[in-house]
Amino acid sequence: MTGPESEGITVRRAVCPGSFDPITNGHLDIIGRASKLYDVVHVAVMINQSKKGLFTVDERIELIREVTADFGNVEVESFHGLLVDFCKQREIPAIVKGLRAVSDFDYELQMAQMNNGLSGVETLFVPTNPTYSFLSSSLVKEVATWGGDVSHLLPPAVHEALVKRLGEL
Ligand code: ADP
């Protein structure tokens with residue numbers, strides 16, 4: 001091991017999990033805010049074999065890497081299985097999630113309590129920037145499929161990839 005951890009310095013880590021199909025400005029806002037609070041932010045792209053995405057997991061990872069590169073402390077990986085195992089393997093004590101509206105809260109609370117019960121990992125909720133409180137990847141895809149302008153809701157590279165992908169379908 002090299003770097004600060006080998007010298008006994010604690011590296012404060014958090015994870016932002018999700019499907020990111022594709023990453024939106026709402027995700028990016030939460031990852032950026034987490035990156036100011038933690039030394040390293042892991043972005044974990046969930047692999048869901050039963051749900052085919054518009055982008056492959058590798059494409060999502062590439063896009064996330066590209067648009068988070070400037071933060072300087074974001075690591076992007078895929079994961080399969082339980083998020084608490086991802087956390088345990090990398091010594092991550094905290095999950096950071098954005099809360100868009102009260103409708104998010106019920107499910108997020110259950111997941112946070114379950115994850116804490118399973119492994120002691122904490123979940124921190126960050127209130128969404130109101131500009132993005134209605135924003136989800138699925139809504140963006142739906143609007144874009146019918147020709148609606150979503151360019152203000154996505155980083156430019158992601159918007160470009162989305163337009164290209166929809167054109168291929
Ligand atoms: P969704 O939860 O919409 O299916 P993801 O699984 O990709 O989409 O989202 C992962 C996490 O990112 C969510 O649980 C939430 O914490 C955060 N997130 C998603 N969209 C937004 C948004 N518009 N503003 C803030 N956080 C968001």
Side-chain angles (χ1 to χ4, degrees), residues 13-38 40-68 71 73-87 90 92-116 118-119 121-145 148-159 161-162 165-166:
R13 297 173 184 278
V15 60
C16 294
S19 20
F20 303 102
D21 185 36
I23 184 168
T24 68
N25 285 342
H27 293 123
L28 198 58
D29 179 57
I30 299 298
I31 296 166
R33 287 157 73 187
S35 84
K36 291 191 189 134
L37 299 171
Y38 290 90
V40 179
V41 172
H42 297 257
V43 175
V45 181
M46 219 153 42
I47 299 175
N48 183 349
Q49 265 134 359
S50 63
K51 213 169 124 189
K52 199 177 170 314
L54 184 62
F55 293 94
T56 66
V57 169
D58 286 342
E59 288 169 337
R60 294 179 218 173
I61 289 175
E62 268 314 299
L63 286 171
I64 300 168
R65 283 201 179 123
E66 186 176 340
V67 301
T68 60
F71 295 137
N73 62 346
V74 174
E75 290 182 12
V76 191
E77 288 175 79
S78 60
F79 89 97
H80 182 239
L82 287 179
L83 181 60
V84 292
D85 291 332
F86 180 94
C87 293
R90 292 159 185 77
I92 300 171
I95 300 167
V96 174
K97 301 220 77 179
L99 271 190
R100 280 167 284 198
V102 180
S103 50
D104 275 347
F105 186 74
D106 211 26
Y107 181 61
E108 293 292 349
L109 182 64
Q110 285 179 38
M111 258 198 317
Q113 289 169 332
M114 176 60 83
N115 285 335
N116 185 261
L118 285 172
S119 73
V121 70
E122 296 290 358
T123 300
L124 286 96
F125 294 114
V126 177
T128 296
N129 177 330
T131 319
Y132 307 131
S133 58
F134 64 94
L135 176 55
S136 69
S137 302
S138 41
L139 193 56
V140 161
K141 286 183 282 190
E142 202 174 316
V143 171
T145 301
D149 180 12
V150 292
S151 57
H152 56 299
L153 303 173
L154 302 169
V158 178
H159 183 248
L162 177 64
R165 177 55 41 90
L166 291 174

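We count ligands from 1, going down the list as the structure has it; atoms in each ligand are counted the same way. Any value given below was found using the heavy atoms of this structure, including those in side chains, with hydrogens, waters and symmetry copies removed.
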Could you list each nitrogen or oxygen of ligand 1 that sits under 3.5 Å from a protein nitrogen or oxygen, with the atom names and the distance?
from	atom 1	to	atom 2	distance (Å)
ligand 1	2 (O)	Arg100	NH2	3.2
ligand 1	3 (O)	Arg100	NH1	3.1
ligand 1	3 (O)	Arg100	NH2	3.2
ligand 1	6 (O)	Ser19	N	3.1
ligand 1	6 (O)	Ser19	OG	3.1
ligand 1	7 (O)	Ser19	N	3.1
ligand 1	7 (O)	Phe20	N	2.9
ligand 1	7 (O)	His27	NE2	3.0
ligand 1	9 (O)	His27	NE2	3.2
ligand 1	14 (O)	Lys97	NZ	3.0
ligand 1	14 (O)	Glu108	OE2	3.4
ligand 1	16 (O)	Gly98	N	2.7
ligand 1	16 (O)	Gly98	O	3.0
ligand 1	20 (N)	Arg100	NH1	3.2
ligand 1	23 (N)	Tyr132	O	2.9
ligand 1	23 (N)	Leu135	O	2.9
ligand 1	24 (N)	Thr128	OG1	3.3

**Prompt:** Which of these, Val57, Ile61, Thr56, sits in a side chain to side chain contact (heavy atoms under 4.5 Å, CB included) with Glu59?
**Reply:** Thr56

**Asked** Does a donor on one side chain and an acceptor on the other come within less than 3.5 Å for Asp149 and Ser151?
**Response** yes

**Asked** Looking at side-chain heavy atoms only, is the closest gap between Ile23 and Leu28 below 4.5 Å?
**Response** yes

**Asked** Has Glu77 got more than 12 heavy atoms of other residues, nucleotides or ligands less than 6.0 Å from its CD?
**Response** yes

**Item:** Sequence-distant partners of Phe86, ring-ring contact (aromatic ring centres under 6.0 Å, His included), two or more places apart
**Value:** Phe79

**Prompt:** Of all heavy-atom pairs between Leu166 and Ala144, which one has the smallest distance, and what is that distance?
**Reply:** CD1-CB, 3.5 Å

